[in-house]
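For reference, the structure discussed in these notes is given below.
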2 protein chains.
Amino acid sequence: MSDARSVATKRTLVAATMQVIREQGIGAISARSIATAGSVNQALVFYHFGSVEGLVAQACLESTAERVALLEPRLAAVTTFGGLVEVAGRLHAEEREAGNVTVLAQVLAGSHANPTLAEAVGRSLALWNEQVRATLQRLLAGSPVAEVLDADALTDLVSATFVGLELMEPTRSREDVVSGALAGIGRLAAALDDLGPVSRRALRSVLRSTP
Amino acid sequence: MSDARSVATKRTLVAATMQVIREQGIGAISARSIATAGSVNQALVFYHFGSVEGLVAQACLESTAERVALLEPRLAAVTTFGGLVEVAGRLHAEEREAGNVTVLAQVLAGSHANPTLAEAVGRSLALWNEQVRATLQRLLAGSPVAEVLDADALTDLVSATFVGLELMEPTRSREDVVSGALAGIGRLAAALDDLGPVSRRALRSVLRSTP
DNA sequence: GTCTATAACTAGATAGAC
DNA sequence: GTCTATCTAGTTATAGAC
């Protein structure tokens, strides 16, 4: 019974940590702000996680794992670049509610010169990148784009864009700019998907010869 | 005389602030850490800037203005998408030394739920976006891509990518991933630049009809 | 496991000497 | 303008009661 209670408390603390980071940013994190958000005692942070850093690391990891698990089946079902951009658009829309990427972005910023957080962020990013890379690898196979971009490079670019996008979200005056941009990218991707065999060969040879 | 000394002290404080943010992140910022980095007295932060926040805001703004001023003539000389990606690649390489985008990214993260910093970040981002948008507007005029993307949307995407890229820089194991990705994007852009009039018209009509 | 109390420290900010 | 000294408030972390 005491074990079940312990688990519940840990859960509360992790959830409260995510909430504080989402609503006030990593700069507002302290054992007290977390305890207040979760309506628990401040000392429990240290009893269960050893330190505030340890709790933040755990929260970052769980927040990311949660989102990646939800996304995994959807990415597995993607068969075209257009479909991938569509999933990206939905993910961005869902972020307003869940804020998992925001948590990752904030902890990423806080991990500068902080080995403990850096380790947690590294593992969180790896969870994302695994999924994105696998999807891109699948889509790139047989695509002319593979002539100039490998999955690793594209993955890094895609992850960075998403992190930057969510970090800048609060600064945006118009909120439809991102969806507009994603729609445009989606149409470019769709055009690429729908290329006939002749244009496909032509594009491939152009990309191959471009210095 | 006392005025010249005052200006020198302000400069020292602003430079020290940038240095602490670059080397230790926004989380390590305090009147004392800044004063130590600049070898000046801690109380001077409040005498010259009123508060730590005020100093950080000023540093963010100056750091950005400095970089944007250096970039402006180079962007003005860009005439192709390939050229734009090339400038972006150089900018990324120079960041390792200067770290101006890193400062912006860190203050951006710290501006979450902080009106003072948010205002400074907003103005800093505007400085960047002005230049990027003007360049993209020029390049998009007459390009088939304009069928699906306007300069505003693309600017937001480009800025977000750059901020995310610099924020993730310390986490990258291999350091040539970004340059590889930029090289690939550059070849795609070059292919777009070199399109003949026939392919150009064909692409335009495809993009216009893509839903 | 959880709570109270507290030690040890660091933060922002200011008054007053120089 | 700059420095020392200091106040206040908030921080991590732990001992010990429950």
Side-chain angles (χ1 to χ4, degrees), chain A residues 1-17 19-21 23-60 106-107 110-117 120, chain B residues 1-17 19-21 23-60 106-107 109-118 120:
Chain A
M1 282 304 169
S2 56
D3 190 36
R5 185 141 174 234
S6 176
V7 170
T9 303
K10 280 189 186 179
R11 261 217 245 279
T12 303
L13 283 170
V14 169
T17 304
Q19 185 193 333
V20 172
I21 295 177
E23 295 175 359
Q24 301 173 252
I26 187 78
I29 280 291
S30 75
R32 273 152 167 98
S33 66
I34 295 168
T36 302
S39 305
V40 294
N41 191 283
Q42 170 262 150
L44 293 173
V45 169
F46 304 97
Y47 177 78
H48 287 291
F49 296 93
S51 67
V52 175
E53 267 185 10
L55 173 50
V56 171
Q58 183 68 20
C60 176
Q106 284 286 321
V107 180
S111 74
H112 207 84
N114 182 327
T116 309
L117 291 187
Chain B
M1 284 304 169
S2 55
D3 190 35
R5 185 141 174 233
S6 176
V7 170
T9 304
K10 281 189 186 179
R11 261 216 243 281
T12 303
L13 283 169
V14 169
T17 304
Q19 185 194 333
V20 173
I21 295 178
E23 294 175 0
Q24 301 174 253
I26 187 78
I29 279 290
S30 75
R32 281 162 166 93
S33 66
I34 295 168
T36 303
S39 305
V40 294
N41 192 282
Q42 170 260 147
L44 293 173
V45 169
F46 304 97
Y47 177 79
H48 286 291
F49 296 93
S51 67
V52 175
E53 268 184 8
L55 173 51
V56 171
Q58 183 69 22
C60 176
Q106 284 286 321
V107 180
S111 74
H112 207 84
N114 183 327
T116 308
L117 291 188

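In what follows, chains carry the letters A, B, and so on, assigned in the order in which the sequence lines appear, proteins first and then strands, with residues in each chain numbered from 1. All values below were derived from every heavy atom in this structure, side-chain atoms included, with hydrogens, water molecules and symmetry-related copies excluded.
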| field | Spacing of B:Leu55 atom CG relative to C:dG12 atom P, expressed in whole Å | value | 11 Å
| said: In this structure, how many angstroms lie between the P atom of C:dG12 and the CZ atom of B:Phe49, rounded? | reply: 15 Å
| request: Round to a whole Å and report the spacing from CG of A:Asn41 to C1' of D:dC18. | output: 13 Å
Can you give me every donor-acceptor pair (side chain of residues 51-59 of chain B, partner residue at least two apart or in another chain, under 3.5 Å) with its distance?
| residue | atom | partner | partner atom | Å |
| --- | --- | --- | --- | --- |
| B:Ser51 | OG | B:Gly54 | N | 3.1 |
| B:Glu53 | OE1 | B:Thr116 | OG1 | 3.0 |
| B:Glu53 | OE2 | B:Asn114 | ND2 | 3.0 |
| B:Gln58 | NE2 | B:Glu62 | OE2 | 2.8 |

| query | From A:His48 NE2 over to A:Thr9 OG1, what is the distance, rounded to the nearest 0.5 angstrom? | reply | 4.5 Å
| note | Taking pairs as Watson-Crick (N1-N3 plus N6-O4 or O6-N4) or G-U wobble (N1-O2 and O6-N3), each distance under 3.5 Å, the stems of three or more consecutive pairs with DNA chain D are C:1-10 with D:9-18, C:12-18 with D:1-7
| task | For the residue pair B:Val14 and B:Phe49, establish whether any side-chain heavy-atom pair is separated by less than 4.5 Å. | result | yes
| Nearest heavy-atom pair of B:Ser33 and B:Ala28: which atoms, and what distance? | OG-O, 2.9 Å
| Looking at the side chain of B:Asp3, which of D:dC3, C:dG12, D:dG1 is the nearest nucleotide? | D:dG1
| request: Show your working on side chain to side chain contact (heavy atoms under 4.5 Å, CB included) between B:His112 and A:Gln106 and close with a plain yes or no. | output: CA-CA 9 Å; B:His112 207 84; A:Gln106 284 286 321; 3.7 Å; yes
| field | Distance (rounded to the nearest 0.5 Å) between A:Leu44 CG and A:Lys10 NZ | value | 12.0 Å
| note | Tightest non-hydrogen contact, residues A:Ala113 and B:Glu23, listed as CB-O, 3.7 Å
| query | What is the distance from CD1 of B:Ile34 to C1' of C:dA13, rounded to the nearest Å? | reply | 14 Å
| field | Gap between atoms CD1 and C1', on A:Ile26 and D:dT11 respectively (whole Å) | value | 15 Å
Every protein N/O lying under 3.5 Å from an N/O of nucleotides 13-17 of chain D:
| residue | atom | partner | partner atom | Å |
| --- | --- | --- | --- | --- |
| D:dA13 | N7 | A:Gln42 | OE1 | 3.1 |
| D:dA13 | N6 | A:Gln42 | NE2 | 3.4 |

| request: Determine the minimum heavy-atom distance between B:Ala37 and B:Gln19, stating which atoms define it. | output: O-OE1, 4.1 Å
| query | Rounded to the Å, how far apart are B:Arg11 CZ and D:dG1 P? | reply | 15 Å
| request: Starting from C1' on C:dT10, measure out to CD on B:Gln24 and report it in whole angstrom. | output: 15 Å
| request: Measure from CG on B:Leu117 to C1' on C:dG12 and round the result to the nearest Å. | output: 15 Å
| request: Nearest 0.5 Å please: distance from the CD1 atom of B:Ile29 over to the CD1 atom of B:Ile34. | output: 4.0 Å
| query | Taking the side chain of A:Ser30 as heavy atoms from C-beta outward, which of D:dC3, C:dT2, D:dT11 is closest to it? | reply | D:dT11
| At under 4.0 Å, does any side-chain N or O of A:Thr9 touch on OP1 or OP2 of C:dG1? | no
